[in-house]
Amino acid sequence: MDPLAKVLNPPQLEAVRHGEGPLLILAGAGSGKTRVLTHRIAHLLRERLARAPEILAVTFTNKAAGELRERIAKLVGPEDASRLWVATFHAAGARILRREAEALGLTRSFAIYDDADQLAAAKRASADLGFDTATAKAHLSRIDRWKNAGLLPPEVRVPDYDVPGKTAAKVYTQYQKALQASNAVDFGDLIVRVIELFRKREDVLQNYAGRFRHVLVDEFQDTNPAQYQLLKLLASVHGNLCVVGDDDQSIYRWRGAEVDNILDFPRHFPGTRTVRLEQNYRSSQRILSAAHAIIEKNERRAEKKLWTAAGEGEKVRVVLAEDERDEASRVASELYEQNARGTSYAEMAVFYRANAQSRALEDALRARRIPYRVVRGRSFYDRAEVKDVAAYLRLCVNPRSDGDLLRVINVPPRGIGDTTVDHLRASAARQGLSLWEALGSNDPELPSNARAKLAPFKSLIDKLRENVSGSAADAIERVVEMTGYEDRLRLEGEEGEDRIDNLYELVGAAKEFDAAWNEASGLRPQTPGPPAPPVEKPLVPNPLTMTRSQYLKAVRAAPGALGSEQTEEVEGDRPDPIAALAAADRDEADTPLIGFLEQLALVGDADAAESGDRVSLMTLHAAKGLEFDAVWMTGLEERVFPSSRSLGQTGPLASGEEDPNEIAEERRLCYVGMTRARRKLTLTLARCRSLFGELRFNQPSRFVRELPPDLTEGLAALDRLSPMQERARKDVFYDDYDQRPRYVDAPPQRNRMRESRYEPASKPAVKLAAAGVDALSPGARVKHPTFGVGTVEDEDGAGLNRKLTVRFAPGVGLKKVLARFVEPA
DNA sequence: TATTGATTGTTTTTT
DNA sequence: ACAATCAATA
């Protein structure tokens with residue numbers, strides 16, 4: 001009997017053993033998809049269906065990539081594992097772009113811009129074109145959507161009546177130009193520009209697509225159209241695309257993920273074999289059934305029903321609290337109690353819909369001295385001081401990066417204000433140069449006082465560039481010292497000291513990085529014999545997540561360790577193209593600094609905090625892929641979860657109507673949360689909660705109402721009156737006023753205005769809707785309740801919340817008003 | 001140029 | 001409530 005059959009169930013086995021051709025693995029929560037992925041890769045290698053460099057496995061997070069690689073290493077050994085491509089979409093894209101940079105007019109040291117850099121660049125692009133920078137955010141979100149769809153500026157098509165869209169398209173063109181001039185790319189470019197590259201250069205595409213005999217994708221339900229296109233290109237030669245995912249866990253629609261990618265996969269790839277993994281190895285049956293009751297209400301989904309061989313387990317519990325503080329304190333008590341009964345804190349987690357909800361929980365946990373950690377994306381690397389130093393470092397490597405130059409040109413303050421910067425930018429624009437190039441250009445038109453202020457900055461950067469070499473840690477220390485950054489922070493008292501500490505933490509991280517790099521370069525061939533037992537963190541040279549520089553060093557220093565029989569194994573007399581490719585890989589060199597900067601851009605520090613026996617607090621989104629013994633989901637109230645935005649009550653597209661797609665996504669989010677729990681699941685809600693500064697009484701979430709009563713306890717309490725209501729009913733002396741929470745002071749003025757802000761479309765809006773889209777376009781006459789009649793000069797945003805710039809009567813002048821509040825005049 | 005007061009916008013955020 | 005950003009000022 002096949003030894004695999006001992007560790008895999010029949011559908012898992014089928015997926016692992018599938019040979020050539022498209023394969024769709026619909027993997028329910030906790031159904032062992034990583035096990036299938038790792039065994040499948042091991043199988044491909046063992047059966048010689050592919051050699052390690054011919055396999056590409058793509059994930060969404062660095063953590064997933066790391067885990068995948070480690071688990072594969074345990075099956076096939078570190079040598080083969082190190083020669084696989086296992087990476088996130090973005091890391092893989094970054095790697096390809098670095099190798100092929102010249103083909104796109106970039107250099108190998110291009111900068112990767114994060115969200116904040118992107119926004120700044122979009123603002124500059126808007127301003128360059130003479131548009132209001134306040135609209136840049138809206139433009140950027142369109143630009144992101146285009147990138148998610150795989151569209152570069154020339155491919156963007158906007159209908160004429162979509163005026164803001166037309167503007168955004170112009171900004172997009174300018175934005176891309178600016179990035180290119182800065183030798184920089186943004187996150188979206190890490191995908192789209194690879195597509196661009198492959199389109200432009202058939203030979204490059206053939207190199208990669210010809211090489212990857214098997215392409216495997218994890219969390220496929222989260223791919224956006226651009227990523228999907230890229231995958232199709234990469235798999236275009238061999239057609240062996242294996243995707244693993246769960247449409248029920250698609251929770252990133254708002255970021256461009258397209259569930260249809262997984263649902264329609266068999267239609268896009270005729271001949272697809274579909275395998276369903278429905279046996280769950282994580283949760284009790286009651287939890288699974290309750291979760292199923294929620295998710296089955298979604299219409300468009302691939303039918304799956306999880307089952308488990310484990311027992312029924314406890315009922316799902318619902319806990320009703322008075323307000324968010326009460327809710328938090330009950331959760332805290334229960335955590336304490338569970339811990340006393342023997343569940344470690346690390347095995348428990350509290351989930352919420354939005355980060356803001358963590359505050360009450362943190363207070364309650366601190367009060368009880370319960371150890372906790374808040375899982376947030378990449379808080380450390382988002383600190384201003386870290387980004388400032390990173391900007392200096394990037395500037396050293398790639399001085400053309402305008403975004404980085406502008407960030408630090410006056411940090412610490414050196415008397416270079418907006419005026420001076422404007423002069424410099426004008427000079428750069430005149431000459432068609434980057435800011436850095438303009439600094440060195442001796443432009444006669446640059447005013448002399450500006451020149452006087454800029455000169456010391458230029459020589460500072462020059463000096464830095466001379467002093468900064470390979471080591472990332474050294475580079476940071478140099479920057480902190482030579483720029484006067486640390487001195488400046490010292491002057492700022494306690495907060496400054498904290499920031500200095502952060503910088504030293506960064507130096508520490510850089511030292512570790514340097515050390516890993518050096519260690520990789522010193523890696524020696526292993527003596528033949530039985531493979532070493534897996535160490536805690538096996539050092540597996542990884543061309544992607546470990547960063548390219550480390551990998552190259554490793555390969556160069558120790559060809560015997562990595563270069564393997566298989567690479568040298570030549571079929572017949574033909575030179576092995578794989579060996580040739582691998583050899584070509586080794587010819588390029590990076591510094592650890594470039595590697596460190598890439599890590600800074602692509603890697604969050606979420607996994608760094610994973611230490612100690614602590615309760616985990618996180619958003620439902622952050623919970624995907626994790627599991628805990630006991631889980632508390634909080635804030636199960638309408639307008640909190642499902643969020644008010646999905647109910648059409650907030651946000652730029654607020655219509656007052658529920659969006660069924662959004663509700664479906666909230667439902668999936670609920671499903672994801674519930675299926676994280678192994679044996680104990682508690683959903684909590686509060687009768688009232690302060691939200692955006694006002695007290696709100698929300699109805700229990702529909703998701704709580706949909707829980708099957710026989711699997712749940714605590715549902716009855718939902719319809720009981722609160723103590724306050726009870727008291728009011730019994731005691732005639734309490735009048736109506738006393739039933740309501742009293743404000744100590746009158747509610748602030750602004751709150752009252754705000755009440756109307758999110759009100760569903762008011763009367764003017766209705767007239768407006770009737771009058772049609774053009775009623776708001778520039779030139780239109782509109783009437784505003786306070787300002788009277790005026791003429792629209794500009795518009796921004798979409799829907800009834802779009803903003804109009806309107807010129808009213810002479811006394812009133814130019815005002816920005818929300819479209820909701822005007823009616824056609 | 002830095003400080004202030006006012007205004008604004010607030011889900012989620014793997015990369 | 002609250003943080004971040006903007007606009008007016010000293």
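Naming: A, B, ... by sequence-line order, numbering from 1 per chain.
Whole-Å rounding puts the A:L620 CG to B:dT13 C1' distance at 14 Å. The CZ atom of A:R359 sits 6 Å away from the P atom of C:dA3 (whole-angstrom rounding). Atom-to-atom, NZ of A:K624 to P of B:dT15 comes out at 11 Å; the value is rounded to the nearest Å. Here B:dT14 presents its P atom at 12 Å from CG of A:L626, a figure rounded to the nearest Å. Residue A:R253 contributes atom CZ, which lies 17 Å from atom P of B:dT13 at whole-angstrom precision. Atom OH in A:Y113 sits roughly 26 Å away from atom P in B:dT13 (whole-Å rounding). Counting to the nearest Å, the P atom of B:dT14 and the CD atom of A:E67 are 16 Å from each other. Following rounding to the nearest Å, A:R376 (CZ) and B:dT12 (P) show an atom-to-atom distance of 10 Å.
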Between the protein and nucleotides 1-3 of chain B, list every N/O to N/O distance that falls short of 3.5 Å.
from, atom 1, to, atom 2, distance (Å)
B:dT1, OP1, A:G417, N, 3.0
B:dT1, OP2, A:G415, O, 2.9
B:dT1, OP2, A:G417, N, 3.0

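By the 4.5 Å heavy-atom criterion applied to side chains, A:Y252 and A:H621 are counted as neighbours.
The base of B:dT12 does not come close enough to the side chain of A:R255 for any donor and acceptor atom to sit less than 3.5 Å apart.
For the P atoms, the distance from B:dT12 to C:dT5 is 16 Å, rounded to whole Å.
The environment of A:E658 atom CD is dense: over 12 non-hydrogen atoms of other residues, nucleotides or ligands sit within 6.0 angstrom. Counted within 6.0 Å of CZ on A:R702, heavy atoms from surrounding residues, nucleotides or ligands total more than 12; the atom is thus considered enclosed.
Judged purely by distance below 3.5 Å, without hydrogens or angles, the side chains of A:Y175 and A:D186 pair a donor atom with an acceptor atom. Using modelled atom types, one finds a donor on one side chain and an acceptor on the other under 3.5 Å when comparing A:R373 with A:S616. In this structure, a donor-acceptor pair under 3.5 Å is absent between the side chains of A:Q118 and A:K123.
Out of C:dC2, B:dT13, B:dT15, the shortest distance to the side chain of A:N62 is found at B:dT15. Nearest nucleotide to the A:F187 side chain, out of B:dT12, B:dT15, C:dA3: B:dT15.
In this view, A:N410 and A:P413, A:R414, A:I416 satisfy the side-chain contact (heavy atoms from CB on, under 4.5 Å) rule, not counting sequence neighbours. The ring pair (Phe, Tyr, Trp, His ring centres under 6.0 Å) check on A:F703 picks up A:F641, with sequence neighbours excluded.
The shortest distance between the side-chain N/O atoms of A:K123 and the OP1/OP2 oxygens of C:dC6 is below 4.0 Å. Taking only side-chain nitrogens and oxygens, A:T619 comes nearer than 4.0 Å to OP1 or OP2 of B:dT13. A close approach under 4.0 Å does occur between a side-chain nitrogen or oxygen of A:N355 and OP1 or OP2 of B:dT13.
Between A:K137 and A:A257, the residue whose closest nucleotide on DNA chain B is further toward the 5' end is A:K137. Nearer to the 5' terminus of DNA chain B, by closest-nucleotide assignment, is the contact made by A:S646 (compared with the other of A:S646 and A:H90).
Lacking a ring centre under 5.5 Å from that of the base six-membered ring together with a plane angle below 30°, A:F89 does not count as stacked on B:dT15.
Residue contacts for A:Y252: at a heavy-atom cut-off of 4.0 Å it reaches a base atom on one of the strands shown.
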